[in-house]
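Below, each value reflects all heavy atoms present in this structure, side chains not excepted, and no hydrogens, waters or symmetry copies. Since this is a predicted model, take the numbers as computed values, not measurements.
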2 protein chains.
Amino acid sequence: MKRVSLKTIANELGVSSATVSLVLNGKNINGRVSNEMSKKILDKATELNYVPNTLAKGLKVGKSKSIGLIIADVSNLFFGALALHIQNYAHANGYTVLIGNTNENINEMEHMIKFLYARQVDGLIITPTENSQHLLNNLKKNNVPLVLVDRCFPDMEVNSVMINNYDISYQSTEELINKGCKNIAIVTYRQDHYHINERRNGAIDALKNSGINDENNVEEVSYHNLKDDITFSIEKLLKRNPKIDGIFFTTNSISINGVKALIKNKINIQKDIQIMCFDENDAFYILPYTVPFIKQPIKEIAKNAIELLIEQIESKSIDESKNIVLKAELVLNETRVHQ
Amino acid sequence: MKRVSLKTIANELGVSSATVSLVLNGKNINGRVSNEMSKKILDKATELNYVPNTLAKGLKVGKSKSIGLIIADVSNLFFGALALHIQNYAHANGYTVLIGNTNENINEMEHMIKFLYARQVDGLIITPTENSQHLLNNLKKNNVPLVLVDRCFPDMEVNSVMINNYDISYQSTEELINKGCKNIAIVTYRQDHYHINERRNGAIDALKNSGINDENNVEEVSYHNLKDDITFSIEKLLKRNPKIDGIFFTTNSISINGVKALIKNKINIQKDIQIMCFDENDAFYILPYTVPFIKQPIKEIAKNAIELLIEQIESKSIDESKNIVLKAELVLNETRVHQ
DNA sequence: CTGAAAGCGCTTACAG
DNA sequence: CTGAAAGCGCTTACAG
């Protein structure tokens with residue numbers, strides 16, 4: 001694959017590569033280069049099908065025009081969609097995205113940071129794994145432009161884009177209460193993530209305020225063994241308290257696997273037990289009954305994260321960090337509820 | 001973000017950067033550098049937390065150690081999973097993946113090729129859009145290492161990794177016939193993709209060989225307006241031939257939307273109408289009945305694509321192209337069928 | 001055993 | 001109006 005460089009064009013036209021660079025980058029201000037030469041260069045560039053070497057440019061100007069995206073689990077639909085939208089917004093701004101996957105493993109996260117750093121990314125968007133504060137602090141210390149998405153550490157001064165986890169969980173649980181549920185369970189991860197805890201706390205506070213909170217109705221499952229664990233948890237929950245008539249699932253994967261487990265146990269969902277799920281899933285539209293869920297504004301999250309990151313990259317000023325909170329939406333599918 | 005370069009290490013130790021480069025790259029053969037200096041350099045590198053600049057190296061050696069992945073539709077679960085696995089295999093081999101999305105649009109595909117070319121990718125993995133042969137021929141002419149996945153143009157000499165579309169579709173349709181279906185419909189895209197046509201042909205040949213083929217039972221839907229179109233198509237199909245007792249869906253997205261449309265029409269799936277889907281979907285495990293589907297070996301596809309591409313990149317020899325065909329699996333979930 | 005030099009493809013002051 | 005030169009961070013023949 002023979003590449004055409006600036007020099008090729010310069011040589012063919014008998015000018016210097018500096019001149020060609022200037023013209024091709026539109027930096028030919030105040031008649032720096034004559035109009036005819038300018039036209040000649042432009043024509044020659046299209047004739048030879050010139051494509052600039054972004055790497056060389058990056059080396060010279062110290063910016064790679066690429067960003068790193070470190071995602072916890074690419075096989076998760078939510079993260080997949082997020083990654084897609086981040087790519088689209090990045091491309092629209094002339095940036096490339098390099099994606100890395102951590103599988104919620106902190107060593108993988110450290111490795112990915114190094115990998116991306118070696119590739120000169122101009123900044124990072126990260127969904128941090130548990131206990132990764134020291135890695136983030138290290139980035140901060142080195143002034144690496146950084147935005148956390150989906151998750152954050154509230155005691156750290158880092159830019160972040162989050163949703164209103166507490167509020168939306170409070171509202172969703174209230175919705176279950178309004179539907180008449182008296183024994184509402186919460187199924188969540190056994191993990192110390194701020195955003196997950198917020199969801200749990202929002203739900204619990206809603207229950208408390210209605211005077212129906214029961215600590216025994218909180219069930220924790222493990223992330224790495226979710227599929228088996230959740231069936232076990234659901235069965236335990238139902239055995240311990242057969243009066244359970246509502247369940248709030250705190251995440252995407254817990255929701256879908258929780259629904260599977262309920263069906264396996266021949267529970268008549270939305271009749272015996274009302275549920276409330278996190279994130280949309282194709283499966284919900286296929287079930288013979290309707291499933292209410294919390295819809296995250298994924299596109300908006302992506303848009304804000306990219307904007308926040310590029311802002312940091314392109315203005316040197318390291319002002320105080322911004323924490324953007326977007327509102328999630330409660331989708332009840334009411335029209336189908338009462339059919 | 002102050003970067004540590006080879007020169008930093010060289011200066012601190014009073015040696016040349018050439019020496020440092022040699023040692024750090026493990027190219028210190030036959031005692032080129034003394035053991036003590038070697039150790040000093042290694043120690044200093046870890047002390048200063050040296051991370052090599054992959055871009056500079058790429059510029060020098062003419063290889064970026066990155067590959068481009070051009071996907072038709074990242075929001076499609078199948079492609080999402082494929083992208084994930086390709087990333088994993090690429091990383092394991094020291095390569096970065098830059099992903100681009102075409103939305104099945106040929107102009108986007110052309111743009112992405114240019115975008116990735118400017119970023120000096122060493123090769124491309126592509127799921128080509130319709131009528132993109134000229135773009136691929138152009139790449140071939142320039143000796144760009146290239147592998148097509150999921151789709152191909154059988155009359156072009158290009159490397160590809162495919163599944164046995166014809167055979168698996170034939171088998172799947174036979175399965176419907178074996179279950180007693182006499183009026184089997186095929187729902188497929190109105191598109192000229194070889195792999196989709198193979199699926200349709202496999203199904204039709206199975207019907208012909210059983211003497212129950214009826215051309216009126218083939219329904220074509222449009223890609224860009226799938227959700228509306230499919231409901232319309234299903235209704236048309238059922239009206240035209242109320243005896244339909246089996247449907248073969250030729251893709252992932254047609255399957256999931258087809259199932260939705262059937263449910264919307266109060267069809268009792270697997271009782272009134274048996275179905276056969278392409279690709280796995282969470283939703284299938286949630287339905288009160290079982291759904292048989294064709295499972296593609298996504299990991300294997302990814303693995304073979306990466307291996308084929310890296311082989312081309314690293315050996316200059318441009319031998320004839322390889323066309324790998326992997327076997328898909330028919331998942332019947334038999335244990336649940338008869339419950 | 002080790003260093004000086006050239007060069008990958010670009011951009012950007014500087015000098016005319 | 002335009003060119004020569006330096007340099008981004010590397011690697012690789014070449015010379016000693």
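Remark: the backbone N or O of B:Leu146 is not paired with any side-chain donor or acceptor of B:Lys140 at under 3.5 angstrom. A donor-acceptor pair under 3.5 Å links the side-chain atoms of B:Thr54 to the main chain of A:Ala118, judged by distance alone.
With no hydrogens or angles considered, no side-chain donor-acceptor pair links B:Asn159 and B:Ser321 at under 3.5 Å. Inspection of the A:Arg119 and B:Thr96 side chains reveals an N or O donor paired with an N or O acceptor under 3.5 Å.
Atom-to-atom, NZ of B:Lys7 to P of D:dC10 comes out at 10 Å; the value is rounded to the nearest Å. Between A:Lys65 atom NZ and D:dC8 atom C1' there is a gap of 18 Å when expressed in whole angstrom units. Atom pair A:Leu22:CG and C:dG9:C1' shows a separation of 16 Å (rounding to whole Å applied). Look at CG on A:Asn11: it is 12 Å from P on C:dC10, rounded to the nearest Å. Atoms NZ (A:Lys63) and P (C:dT11) sit 16 Å apart, rounded to a whole Å. In this entry the distance linking NZ of B:Lys57 with C1' of C:dG7 reads 17 Å, nearest Å. Rounded to a whole Å, the CG atom of B:Leu13 is 10 Å from the P atom of C:dG3. The nearest whole Å value for the distance from the CD1 atom in A:Ile41 to the P atom in C:dC10 is 14 Å.
Closest to the side chain of A:Leu59, out of C:dC10, D:dC8, C:dT12, is D:dC8. Residue A:Asn25 has its side chain nearest to C:dT11 when only C:dC10, C:dA4, C:dT11 are considered. The side chain of B:Asn53 approaches D:dC10 more closely than any other nucleotide in the set D:dC10, C:dT12, C:dC10. Closest to the side chain of A:Lys60, out of D:dC10, D:dT12, D:dC8, is D:dC8.
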Inset, instruction - Map every base of DNA chain D to its dot-bracket character, where paired means a Watson-Crick or G-U wobble contact with both distances under 3.5 Å and | marks a partner outside the strand. - result: |||.||||||||.|||

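At a threshold of 4.0 Å, the pair B:Lys44-B:Glu47 counts as salt-bridged, since one of the basic side-chain nitrogens sits closer than that to a carboxylate oxygen. Ionic pairing of A:Glu314 and A:Lys65 is present here: one or more N-O contacts between side-chain nitrogen and carboxylate oxygen are shorter than 4.0 angstrom.
Dashed line: the shortest gap from a side-chain N or O of A:Ser16 to OP1 or OP2 of D:dG3 is under 4.0 Å. Applying the 4.0 Å criterion to OP1 and OP2 of D:dT11, one finds that B:Ser21 has a side-chain N or O inside that range. Considering only side-chain N and O atoms, A:Tyr50 lies nowhere under 4.0 angstrom from the phosphate OP1 or OP2 of C:dG9.
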Inset, instruction - Evaluate the side chain to side chain donor-acceptor pair (under 3.5 Å) criterion for residues B:Tyr95 and B:Asp122: first the C-alpha distance (whole Å), next the side-chain angles of each, then the deciding distance (0.1 Å), finally the verdict. - result: CA-CA 9 Å; B:Tyr95 282 80; B:Asp122 296 333; 4.6 Å; no

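Both B:Ser17 and B:Gln120 sit near DNA chain C, but only B:Ser17 has its closest nucleotide nearer the 5' end. Residue whose closest nucleotide on DNA chain C sits further toward the 5' end, between A:Thr19 and B:Val15: B:Val15.
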